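Below, read A as the first sequence line, B as the second, and so on, with proteins coming before strands; counting in each chain starts at 1. What you are looking at is a predicted structure, and each value in this text was computed from that prediction instead of being measured.
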Amino acid sequence: MHNKHIRRIYMIPYALWITLFVITPIILVGYYSFFDIEGNLSIVNYQKFFTPVYLKMTLSSFWYAFLITLISLIIAYPTAFFLTKTKHKQLWLLLIIVPSWVNLLLKAYAFIGIFGKYGPTNYFLEWIGIGTKQILFTDFSFIFVAVYIFIPFMILPIFNALNELSPSFIDAANDLGASRWATFRRVIFPLTLDGVKTGCQIVFIPALSLFMLTRLIAGNRVITLGTAIEQHFLVTQDWGMGATIAVFLMLIMFIFMILTGKDV
Amino acid sequence: MENTTIIEFHHVKKKYDDDIVLDDVTFEMERGKFYTLLGPSGCGKTTILRLIAGFTEATSGEIFLDGKKVNTIPANKRKVNTVFQDYALFPHLNVFENIAFGLRMKKMKQAQIEVKVKEALQFVNLAGYENREIEQMSGGQRQRVAIARAIVNEPDVILLDEPLSALDLKLRTQMQYELRELQKRLGITFVFVTHDQEEALAMSDEIFVINEGKIQQSGTPIDIYDEPINRFVADFIGESNIVQGKMIQDFLVSFVGQTFNCVDQGMKPNEAVEIVIRPEDLEITPTEKGKLKVEIQSVLFRGVHYEINAIDDAGNNWLIHTTKKVIIGEKIGLSFTAESIHVMRHDETEEEFDKRLGAYMEGESNA
């Protein structure tokens, strides 16, 4: 009996948190999505979402999030693999993680400097004879900075999966005649797939709704769903449409989570 | 023609950084026998296994498999398969695919793989378990899958790294029988690593006792039990009473202040030696008939026998295994035969030891 009471007390912060910051906002977003800009109850927002403008935006959000995830994965897997082989692996890992503690905006501003017309990158290009290029406000800079920001979150779960992989599995594959490549393809990768899935989730989902970077680094040339929501709430004041996009964003995230979820 | 020697180590050394794990190890193993590498943890026995498998490279020396030098040949190119201590069964593959793994690597045809896997499963009494997931299998079943995964490749040698250590006593004993039986049926060389001396004695054709990176003694279980070369082997294999003594002359040894007849020879006169008497070779007699007089300190009931700890007048401890019941504090006599006195020389190498033993074997046959 006593234990039950204590458990209930422990539950209070969790219950409060979930109600105030998860359930209520979702209900509010759902509620607002049914009001047009004049404040009338309607489903016009949902109809608007299926017009080419928004569908294109959704597609481009997807495309950029996909590229960011893919490039992060391509860089993160070998990096994590290499890290597990080093002597002071925890230290090297920490060095990669530390930048992720720095505020995202600060890092974005830093890249404005680095990629700017008179920044060190262009200075270097000038020096090797290529000449000054427009780097900032391009797709390239947007993806580059996004990958830079997300990569620790991709490395960490993959590193953990590789680190927990018992070396005797690799010995066993080797023992049974598998080459290095076959060992990787048939044993190491399948056994670290959970880490890869987790990494993709924590990169892809936030990448879908990136918005500050799109303005600061991509100069609003890249419009994602995140940017659209921000614009509707802060600029056009069309809360209904903003909420509708948010509903779809949540749906997409939810579907992605199911698709990359671990097998039960 | 086939070589009778399947594995050969020639002055093999292995260092990790500055740690010498194997120190100048030389031995040969014959085809089709059951070998056991026996020693305490950290003695280097697993390193020998890993060298044979190809998971690690020797610092110096030569390793031959079937007459071919294999020092730099990687594990995946050796006709050797391993049963790992933790089995290392791939958790993402089912029983069938685990066993088929090696065959798939050889690009064998599916139909043939199916036949072979089925055969291997039958061999380890797991027919019908093809589609089980590894996590659905019990410890003993996983053990069998690991063995099937090794034998299906028809290797020259199967290496077993303490494969029974995770099983409970009953299952372990059963698997000892099964492994021995399997080895006989297959006729493949087994190299078995263990720190359990009973396991080693029960299963092996030949045992290598290893300590501190060196082979201390090799021989049949009976040889090693009856004629341990030094204190380490005597202590590690079975239980023993070890006392300091002196070899007066051939067949005459003195210890605990008395002189006894024995069957050992070939030492220098008055050479200092160590004497081993196994606890089961000590017989309890009335005090006046005993060769030694001891007082009983403790008695432990072990099921099949009593384990008695006694102390003689000179203060030496004696461990006795007997089925007779005795009382603590009682004075008894201990009797033993000349054959049960085992004399060990200090720092005798295995070579010298074999030579000395060989010499008096000849002596006996001439007489």
Side-chain angles (χ1 to χ4, degrees), chain A residues 73 76-78 80-92 154 157-201 258-264, chain B residues 17 46 49-56 73-94 97-108 113 117 120 133-135 142 145-155 157-163 166:
Chain A
L73 179 64
Y77 204 101
F81 195 80
F82 167 75
L83 282 177
T84 55
K85 303 274 175 253
T86 56
K87 221 170 182 180
H88 305 285
K89 45 189 171 187
Q90 296 297 343
L91 174 74
W92 299 123
M154 185 65 101
I158 297 176
F159 173 87
N160 284 336
L162 282 167
N163 205 29
E164 281 164 24
L165 188 72
S166 160
S168 64
F169 288 135
I170 295 158
D171 279 345
N174 219 330
D175 188 70
L176 293 166
S179 61
R180 290 172 83 115
W181 170 242
T183 304
F184 177 77
R185 202 173 60 89
R186 304 281 304 258
V187 176
I188 300 175
F189 190 74
L191 288 178
T192 50
L193 197 59
D194 275 348
V196 172
K197 281 180 180 173
T198 309
C200 287
Q201 269 182 10
I258 291 173
L259 287 180
T260 56
K262 288 162 194 160
D263 320 300
V264 183
Chain B
D17 297 327
T46 299
L49 214 65
R50 294 180 66 82
L51 283 168
I52 300 173
F55 300 144
T56 182
I73 294 182
N76 57 346
K77 300 261 159 57
R78 298 189 189 188
K79 283 190 77 182
V80 172
N81 285 111
T82 308
V83 176
F84 293 85
Q85 186 167 16
D86 58 0
Y87 314 141
L89 296 171
F90 304 125
H92 61 298
L93 302 176
N94 64 13
E97 286 302 326
N98 261 284
I99 299 173
F101 193 93
L103 304 176
R104 292 212 189 281
M105 290 299 129
K106 284 183 203 154
K107 307 247 177 331
M108 198 176 269
I113 289 177
V117 170
E133 294 300 324
I134 297 303
E135 58 187 54
R142 285 178 200 198
V145 176
I147 293 167
R149 189 174 68 171
I151 63 175
V152 79
N153 302 296
E154 296 167 12
V157 180
I158 289 186
L159 307 172
L160 303 107
D161 188 6
E162 309 213 19

Proximal to chain B - members of residues 171-182 of chain A, heavy-atom separation under 4.5 Å: A/Asp171, A/Ala172, A/Ala173, A/Asn174, A/Asp175, A/Leu176, A/Gly177, A/Ala178, A/Ser179, A/Ala182

Between [options], which residue shows the highest count of heavy-atom pairs closer than 4.5 Å to chain A?
| options | result |
| --- | --- |
| B/Gln85, B/Arg149, B/Lys77 | B/Arg149 |
| B/Gly102, B/Pro155, B/Pro74 | B/Gly102 |
| B/Leu103, B/Asn81, B/Leu93 | B/Asn81 |

Mind checking the [atom1]-[atom2] spacing from [X] to [Y]? Nearest 0.5 Å is all I need.
| X | Y | atom1 | atom2 | answer |
| --- | --- | --- | --- | --- |
| A/Phe169 | B/His92 | CZ | NE2 | 9.0 Å |
| A/Arg186 | B/Arg104 | CZ | CZ | 6.5 Å |
| A/Ser166 | B/Tyr87 | OG | OH | 13.5 Å |

Check each atom of B/Asp86 against the heavy atoms of chain A and say whether the ones under 4.5 Å are side chain, backbone, both or neither. side chain

Acceptor/donor pairs from residues 80-92 of chain A side chains to any protein atom, 3.5 angstrom cut, sequence neighbours excluded:
from    : atom 1 : to       : atom 2 : distance (Å)
A/Thr84 : OG1    : A/Phe81  : O      : 2.7
A/Thr86 : OG1    : A/Leu83  : O      : 2.6
A/Lys89 : NZ     : A/Asn163 : OD1    : 2.9

Please enumerate all residues that pass salt bridge (charged side-chain N to carboxylate O under 4.0 Å, His left out) together with B/Glu154, with sequence neighbours excluded. B/Lys116

Partner set under ring pair (Phe, Tyr, Trp, His ring centres under 6.0 Å) for B/Phe90, not counting sequence neighbours: B/Phe101

